[in-house]
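Working notes for the structure below.
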Amino acid sequence: MQREQLINHSISIIRSNQHPRGGYIASPLFPPYAYSWLRDGTFIANAMDRVGQTESAALFYKWVAGVLANKRSRVDILLQKHANKEWIDRSEFLGTRYHLDGRDDVSEWGHFQLDGYGAWLWGLTEHIKITGNRALLKELRESIEITVDYLMTFWHYPNFDCWEEFPDYVHPATLACVYGGLKALGELEQRSELLEKASMVKDFILRHCVYEGRFVKSVHCINEIWKPALTGVDASLLWLALPFGVCEVNDPVMLKTVEHIESELKHEGIQRYVDDRYYGGGEWLLLTAWYGWYQKELGNHQEAQRCLEWIMSKADELGRLPEQVPDQLREPSAYTEWLAKCGEPALPLLWSHAMFLVLSDSLD
Ligand code: BGC
């Protein structure tokens, strides 16, 4: 499939899978993904903004605000418990994914994930910068402040990572989303308390999440000392540079992190992390797009173009992109187990289409 054709398909797949109220379903044909995630949704909305589909993005940001608007009392209780140093169970925190009609997901699946909330603030701010629609700040104020209070207080709490795993640790990629959200809004509205918190989050990442000169997947606190918990890399560490800017693309720590991503997780596409067992740990299209985007920003146009072509080669005849492909499995038996449990990996995955659009746009 040609690039222009896949761009059009991607936009139309995203549009036609956006609920009239604004949520984007993660994947319409993979039942476990019949929700709208704040994380996927924000990156999808941001891709739509980049390709000029700003009404779609606006609808998503407004939908999230609608979902969060009635969470004030819940967040106030959490803040009170935090102030009183009371134990808070993970299930009490805000959810990570919502039904498309806005209801909370009350399934057993892990909920406490901060990355989507940080990403949402960042994406909304980007949207306002792109469209100039500052009136949105007023319109969505209640939900923006609920999110700000929530992140400012709980940013350092252990929570599920962006792959919905390892809830006992703190993850630099999650912190990058929190940093990105607070910094972007802080700059837009010139709010010093947000900028100070963002800089505290950045300092935390640089002080506690670097091991042997590169970033690690996760850290934890033992006897009041922060230490690496998972010392390997995770491809989501690319988010520290793009789009959140915790460090520059050519920062030595980032460069070393990417060297490790290349030696541990790169074949033709990019895998999530070494011990990944989900569908055997295949190559993820959205991460390959992220890596290509990073290479483009570093000045390696050719490698970025190769990533784009690899992603395009994975589209099916209807122009649909999957979440991952089982070309280079880390654990083939786990692929078979997941196949028996849930069927083929998600196809189409809206987030894959979104990141294809972002990479393609960066190459223009
Ligand atoms: C991924 C999440 C994603 C969800 C929906 C999960 O398998 O780990 O990052 O939000 O799928 O796409």
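Both counts, for ligands and for their atoms, begin at 1 and track the order of listing. Quick caveat, the model's predicted, so the values are computed rather than measured.
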Measure from every N or O atom of ligand 1 to the protein's N or O atoms and keep only the pairs below 3.5 Å, writing each with atom names and distance to 0.1 Å.
{"from": "ligand 1", "atom 1": "7 (O)", "to": "Tyr33", "atom 2": "OH", "distance (Å)": "2.5"}
{"from": "ligand 1", "atom 1": "8 (O)", "to": "Arg272", "atom 2": "NH1", "distance (Å)": "3.3"}
{"from": "ligand 1", "atom 1": "9 (O)", "to": "Arg39", "atom 2": "NE", "distance (Å)": "3.3"}
{"from": "ligand 1", "atom 1": "9 (O)", "to": "Cys162", "atom 2": "O", "distance (Å)": "2.6"}
{"from": "ligand 1", "atom 1": "10 (O)", "to": "Arg39", "atom 2": "NE", "distance (Å)": "3.3"}
{"from": "ligand 1", "atom 1": "10 (O)", "to": "Arg39", "atom 2": "NH2", "distance (Å)": "3.0"}
{"from": "ligand 1", "atom 1": "10 (O)", "to": "Asp40", "atom 2": "OD1", "distance (Å)": "2.6"}
{"from": "ligand 1", "atom 1": "11 (O)", "to": "Tyr33", "atom 2": "OH", "distance (Å)": "3.0"}
{"from": "ligand 1", "atom 1": "12 (O)", "to": "Asp40", "atom 2": "OD2", "distance (Å)": "2.6"}

Atom CZ of Arg72: over 12 foreign heavy atoms under 6.0 Å: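 Enclosed: over 12 neighbouring heavy atoms sit under 6.0 Å from CZ of Arg72.
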Please table the atom pairs, donor to acceptor, closer than 3.5 Å between any side-chain atom in residues 357-364 and protein atoms at least two apart or in another chain.
{"from": "Ser360", "atom 1": "OG", "to": "Arg3", "atom 2": "NE", "distance (Å)": "3.1"}
{"from": "Ser360", "atom 1": "OG", "to": "Arg3", "atom 2": "NH2", "distance (Å)": "3.3"}
{"from": "Ser362", "atom 1": "OG", "to": "Leu359", "atom 2": "O", "distance (Å)": "2.8"}
{"from": "Asp364", "atom 1": "OD1", "to": "Arg3", "atom 2": "NH2", "distance (Å)": "2.8"}

Could you name each residue pair satisfying ring-ring contact (aromatic ring centres under 6.0 Å, His included) that touches residues 232-258, not counting sequence neighbours? Phe43-Trp239, Trp122-Phe244, Trp239-Trp290
Can you name the ring-ring contact (aromatic ring centres under 6.0 Å, His included) partners of Tyr98, sequence neighbours left out?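 Applying ring-ring contact (aromatic ring centres under 6.0 Å, His included) to Tyr98 gives none.
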Apply side-chain hydrogen bond (donor to acceptor under 3.5 Å, both in side chains) to residues His111 and Thr96 and explain how you reach the verdict. CA-CA 5 Å; His111 290 288; Thr96 186; over 6 Å; no
Taking the six-membered ring for Trp, is the centroid-to-centroid distance between Tyr278 and Trp163 below 6.0 Å? no
